Amino acid sequence: MATLPNYAPPFSQCFLSPRTQEDIERDEQIYNSYEKLTSQLPILHDWPPFNPQQYQSFWIPAKFLPACMAIQSHFNPRSSDILCVGSPKTGSTWLKALSFAVLHRHSFSLSDHPLLTNNPHKCVPFLELLFSHRTIPDLNVLPSPTIFATHLTASLLPQSALSCRIVYVCRDPKDTFVSLWHFTERLRVSLSTEDKSERLDLNKAFQLFSQGISPGGSFWDHALGYWKESKRRPEKVLFLKYEEMIEDPVIHLRKLAEFMGCPFSMEEERDGVVEDIVKLCSFDNLTELEVNKDNNGSFEETRLPASSFFRKGKVGDWVNYLSMEMAEKLDAITKEKLHGSGLSFS
Ligand code: PAP
C-alpha cells in the first residue's frame, strides 16, 4: 500500500495557478461587489462574534457572507466531488473524518494516516473558508473526487453543487444548540484581543435559536431543505442523524461508503477495515491525538485551537444546560416545523 508520510492537504494549490493582472482585478471587483451587497443586509449583533447577516431567509456569519456569494456564483464542482453538509455543530468534524478515511482508504495505511497528524477540518476544506481569500480558488487542480464541506443550506447552494453527492448530517436541535452556544464562547475567547463582545447569555441565545435566528439558521429549515432533497434524489443526497451514527457507527459507515461509490469489499469486511475506520475517527481517538489538542493548530484568523471542534461528543448533553421548559419548547418547535415531512428526532 502506498503511504504518503508527509501528507499535506492540497488546498493551498487552488491559489497557486499563475494569475494575470486581469484575473487579479476581476477577483477584486467580484469581492468588492459582494462586500457592497453585504453592507446593505440586516445584521444581528446580538450573536457575537458571528454577527450573522440575513441573506435569502437564512442567517450567515458576517465574515462568511461574501464567500457564500462567491460560492453561489463560482463554485463549480465536478459531479464526482462529494459535499459534507450540516448545520453548525451537528457533527461535521466526525463526518469529515469518516468520509475522508473511507475515500482514501487505499492510499493510506491506518498506522500512518493523515488523520493522525491533521485535524479533520484540514483534510476536508470548508468552502466558506476556501472562498474567503478574495480570490476565486481554482478547484480543478484538486484530485478528483475531492470532498468539500459547507454549512450552506440546500437553497443557497448553486445548481452545480446539487449534481455532486451530498452527505448531510443532522442532530437533535437541543444538543446542537448547546454545542453551538459553547462553540460561540470558544470563538469569542479566541478573538477577544480584537473583539470585545461579551459572553452570549444562554437564555438570549436560546430565544434567538428558537426563532430560527442563529449562525447558519434556521436549524429546522436547514434540515428540511436537505431532507426533502434526500427524499427526492436518494442517490444524490444521503441524510444521516448524529444520534443514529453514535448508536451504530459501523452500519452507518457501510452506508456512507456505499453512497460514496466505494463500498467495502468482502475482504475489507473480513479484515475489519470498517471497524478500524470507525475507531480511527472516533471521538476518543481523535481527541487523544496531539494534533487535536488545545495547544495545536489554529484555524486561520479565528485562532481557534483544533480542540474547539471536540467537546463531549455525547447524545443528550442538553440536560446539563437546558431547563425542562426550554427542552419542551424546542421539542414543540421541532414537532411543528417538521410536521408531515417524515423527519423526526426520537
Ligand atoms: P462544526 O460545525 O464547527 O464543524 P461539528 O463538528 O459539526 O462542528 O460539531 C461539533 C460537535 O461534534 C461537538 O459536539 P458537542 O459540543 O456536543 O460535544 C463535538 O464534540 C462533536 N464531535 C466532534 N468530533 C466527533 C467525533 N469524532 N465523534 C462524535 N462527535 C464528535
Side-chain angles (χ1 to χ4, degrees), residues 49-50 52 59-61 63-64 83-102 113 115-116 118-130 147-153 167-188 190 202 205 209 214-217 219 222-223 226 240-250 252-253 256 277-289 291-294 297-300 302 304-322:
F50 288 106
W59 290 88
I60 311 292
K63 176 176 151 28
F64 289 139
L83 276 185
C84 290
V85 192
S87 264
K89 314 322 287 181
T90 53
S92 317
T93 311
W94 190 16
L95 179 61
K96 285 178 182 188
L98 291 169
S99 48
F100 181 86
V102 162
H113 198 279
L115 283 167
L116 299 175
N118 293 270
N119 178 277
H121 291 275
K122 300 272 183 192
C123 296
V124 174
F126 184 44
L127 283 176
E128 287 86 325
L129 273 180
L130 207 54
I147 310 172
F148 299 100
T150 181
H151 285 322
L152 291 186
T153 62
V167 187
Y168 187 82
V169 61
C170 196
R171 187 180 190 187
D172 182 288
K174 301 188 288 304
D175 280 337
T176 304
F177 166 71
V178 167
S179 184
L180 179 60
W181 179 71
H182 278 101
F183 186 75
T184 301
E185 177 58 9
R186 287 208 76 163
L187 185 62
R188 186 189 71 86
S190 79
L202 181 89
F209 187 87
S214 65
F219 169 88
H222 201 297
Y226 285 100
L240 299 174
K241 290 184 187 164
Y242 181 88
E243 294 75 18
E244 292 176 357
M245 289 167 67
I246 292 268
E247 199 175 318
D248 199 334
V250 167
H252 286 85
L253 188 63
L256 179 65
I277 292 180
V278 163
K279 199 164 160 212
L280 171 74
C281 303
S282 69
F283 183 87
D284 287 348
N285 188 53
L286 293 182
T287 47
E288 277 304 306
L289 300 172
V291 67
N292 294 325
K293 296 222 164 126
D294 241 347
S298 71
F299 281 80
E300 316 242 335
T302 62
L304 272 170
S307 63
S308 322
F309 299 98
F310 307 95
R311 195 180 59 92
K312 290 192 183 169
K314 295 243 176 309
V315 172
D317 184 46
W318 63 265
V319 293
N320 297 311
Y321 298 91
L322 305 185

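Numbering of ligands and ligand atoms starts at 1, following listing order. This is a predicted model, so every value here is computed, not measured.
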Q.
I need the nearest protein heavy-atom contact for atom 5 (P) of ligand 1: residue, atom name and distance, please.
A. Ser92 N, 3.4 Å

Q: Please work out whether the ring planes of Phe209 and Phe177 are parallel, tilted or perpendicular, with thresholds of 30° and 60°.
A: tilted

Q. Does the separation of the ring centres of Trp59 and Phe50 fall below 6.0 angstrom?
A. no

Q. How far is atom 1 (P) of ligand 1 from its nearest protein heavy atom, and which residue and atom name does that atom have?
A. Lys89 NZ, 3.5 Å

Q.
Can you report which non-hydrogen protein atom sits closest to atom 6 (O) of ligand 1, along with the distance?
A. Thr93 OG1, 2.4 Å

Q: Could you tell me if the ring centre of Tyr321 sits under 6.0 Å from that of His182?
A: yes

Q | Asp175-ligand 1 polar pair, N/O distance under 3.5 Å | A | no

Q. Please state which protein non-hydrogen atom is closest to atom 4 (O) of ligand 1 and give its distance, to 0.1 Å?
A. His121 CE1, 3.2 Å

Q | Whether Thr90 lies under 4.0 Å from ligand 1, heavy atom | A | yes

Q: May I ask you to identify the nearest protein heavy atom to atom 14 (O) of ligand 1, giving residue, atom name and distance to one decimal place in Å?
A: Arg171 NH1, 3.2 Å

Q: Report the nearest protein non-hydrogen atom to atom 27 (N) of ligand 1: residue, atom name, distance rounded to 0.1 Å.
A: Cys281 O, 2.9 Å

Q | Ligand-residue contact atoms, ligand 1 with Gly313, heavy atoms, under 4.0 Å | A | 15 (P), 18 (O), 20 (O), 30 (N)

Q | Distance from atom 23 (C) of ligand 1 to nearest protein heavy atom, with residue and atom | A | Phe309 O, 3.2 Å

Q.
Just so I know, are the side chains of Cys84 and Val169 near enough to count as touching, which here means a heavy-atom distance under 4.5 Å?
A. no

Q. Can you tell me which residue and heavy atom of the protein come closest to atom 29 (C) of ligand 1, and the distance to 0.1 Å?
A. Tyr242 OH, 3.4 Å

